[in-house]
Q: 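Take this structure first; my questions come after.
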Amino acid sequence: MIVRDFNESKHTRRRVVSEGWESVRLLLKDDDMGFSFHITTIYEGAELHLHYKNHFESVYCVSGEGSIEDCATGEVHEIKPGVMYALDKHDKHILRGKTEMVMACCFNPPVTGREVHQADGSYALEGEAI
Ligand code: 9YT
């Protein structure tokens, strides 16, 4: 069994800070679960252009408000606590934080450690390990 405390992990290299967001990665590839699990904070006013070409991702909104735009259709979905979205087609999207948002995220295949977005909005398949 693996037990980790967000409030401890956020003071370690599990916390990754980038442009408009930060994330505490509680499960990573080397945990051998087949997915990674992150608690991500999207900063107020952030506009993130993302395209996880190499990963599937699901995201559950714990707190805050914002929106996700599907770049293929132009459709905009409201995000608020209780809403989940899953990028089952590696969907290119724009994530906007109207307020700060806290999100619980899963990635398949798992993120390895210290990945931040590449210029095309994706994560490399094998980023720098923790
Ligand atoms: C909400 C969202 O897209 N989160 C992505 C994961 C987060 N940026 C991370 O841990 O890399």
Side-chain angles (χ1 to χ4, degrees):
M1 185 182 294
I2 300 166
V3 178
R4 293 194 179 113
D5 185 339
F6 170 84
N7 289 308
E8 292 172 8
S9 297
K10 71 183 181 184
H11 300 299
T12 72
R13 278 177 59 78
R14 290 186 180 283
R15 176 170 176 256
V16 176
V17 180
S18 188
E19 189 80 19
W21 61 270
E22 63 180 76
S23 190
V24 178
R25 295 173 171 169
L26 291 170
L27 285 173
L28 288 166
K29 184 181 181 190
D30 66 0
D31 292 309
D32 285 331
M33 295 287 289
F35 58 88
S36 57
F37 181 68
H38 318 191
I39 300 297
T40 299
T41 301
I42 307 295
Y43 300 152
E44 179 176 340
E47 178 175 303
L48 306 178
H49 293 246
L50 304 174
H51 192 188
Y52 295 116
K53 297 174 182 174
N54 304 315
H55 298 83
F56 294 110
E57 184 197 23
S58 64
V59 178
Y60 175 81
C61 179
V62 176
S63 65
E65 284 178 35
S67 64
I68 181 169
E69 179 173 341
D70 181 338
C71 294
T73 63
E75 203 173 351
V76 177
H77 305 272
E78 185 186 356
I79 296 176
K80 59 186 179 184
V83 171
M84 185 278 307
Y85 63 85
L87 304 171
D88 64 326
K89 298 180 183 65
H90 303 284
D91 311 78
K92 189 175 180 183
H93 61 288
I94 305 171
L95 187 60
R96 295 185 173 92
K98 184 174 166 189
T99 67
E100 179 180 285
M101 296 192 290
V102 177
M103 325 284 263
C105 318
C106 276
F107 276 79
N108 168 23
V111 164
T112 56
R114 304 285 301 172
E115 289 92 337
V116 292
H117 298 106
Q118 305 180 109
D120 63 358
S122 72
Y123 285 155
L125 265 179
E126 294 287 335
E128 182 199 347
I130 198 164

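By convention here, the first residue in the shown sequence is residue 1. Both ligands and their constituent atoms are indexed starting at 1 by order of listing.
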Q: With a 4.0 Å cut-off on heavy atoms, is Y85 in contact with ligand 1?
A: yes
Q: Report the nearest protein non-hydrogen atom to atom 7 (C) of ligand 1: residue, atom name, distance rounded to 0.1 Å.
A: T40 OG1, 3.3 Å
Q: Using atom types as modelled and distance alone, determine if a side-chain donor or acceptor of R96 lies under 3.5 Å from a backbone N or O of S67.
A: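 Such a contact is absent between R96 side chain and S67 backbone.
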Q: Decide, yes or no, whether a salt bridge links E65 with K80 under the criterion of side-chain N to carboxylate O below 4.0 Å.
A: no
Q: Kindly compute the distance separating CG (L87) from CG (D70), expressed to the nearest 0.5 Å.
A: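 Going from CG on L87 over to CG on D70, the span is 9.0 Å.
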Q: Return a yes/no value for Y123: is any of its N or O atoms, backbone included, closer than 3.5 angstrom to an N or O of ligand 1?
A: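 In this structure, Y123 places an N or O atom under 3.5 Å from an N or O of ligand 1.
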Q: For H55 and Y123, take the angle between the two ring planes, folded into 0 to 90°, and tell me which bin it lands in: parallel under 30, tilted 30 to 60, perpendicular over 60.
A: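 It falls in the perpendicular class, over 60°.
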Q: Atoms of ligand 1 less than 4.0 Å from C105 heavy atoms?
A: 1 (C), 4 (N)
Q: I'd like to check whether H93 has a polar contact with ligand 1, where a contact means an N/O of the residue lying under 3.5 Å from an N/O of the ligand.
A: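 H93 vs ligand 1: no N/O contact under 3.5 Å.
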Q: Can you tell me which portion of Y52 lies within the under-4.0 Å heavy-atom range of ligand 1? Options are side chain, backbone, both, or neither.
A: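 The side chain, only.
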Q: Could you give all pairs that pass the ring-ring contact (aromatic ring centres under 6.0 Å, His included) test and reach residues 56-89, with sequence neighbours left out?
A: F56-H90
Q: For L95, take its heavy atoms, then give the atoms of ligand 1 lying under 4.0 Å from any of them.
A: 1 (C)
Q: Considering R25, R15, E57 one by one, which has a heavy atom nearer to atom 2 (C) of ligand 1 than any of the others?
A: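 Checking each option, the heavy atom nearest atom 2 (C) of ligand 1 is found in E57.
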Q: Counting only heavy atoms, which portion of V16 has something under 4.0 Å from ligand 1: side chain, backbone, both, or neither?
A: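 Neither part.
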Q: Which pairs count as ring-ring contact (aromatic ring centres under 6.0 Å, His included) when at least one residue sits in residues 32-51, sequence neighbours excluded?
A: H38-F107
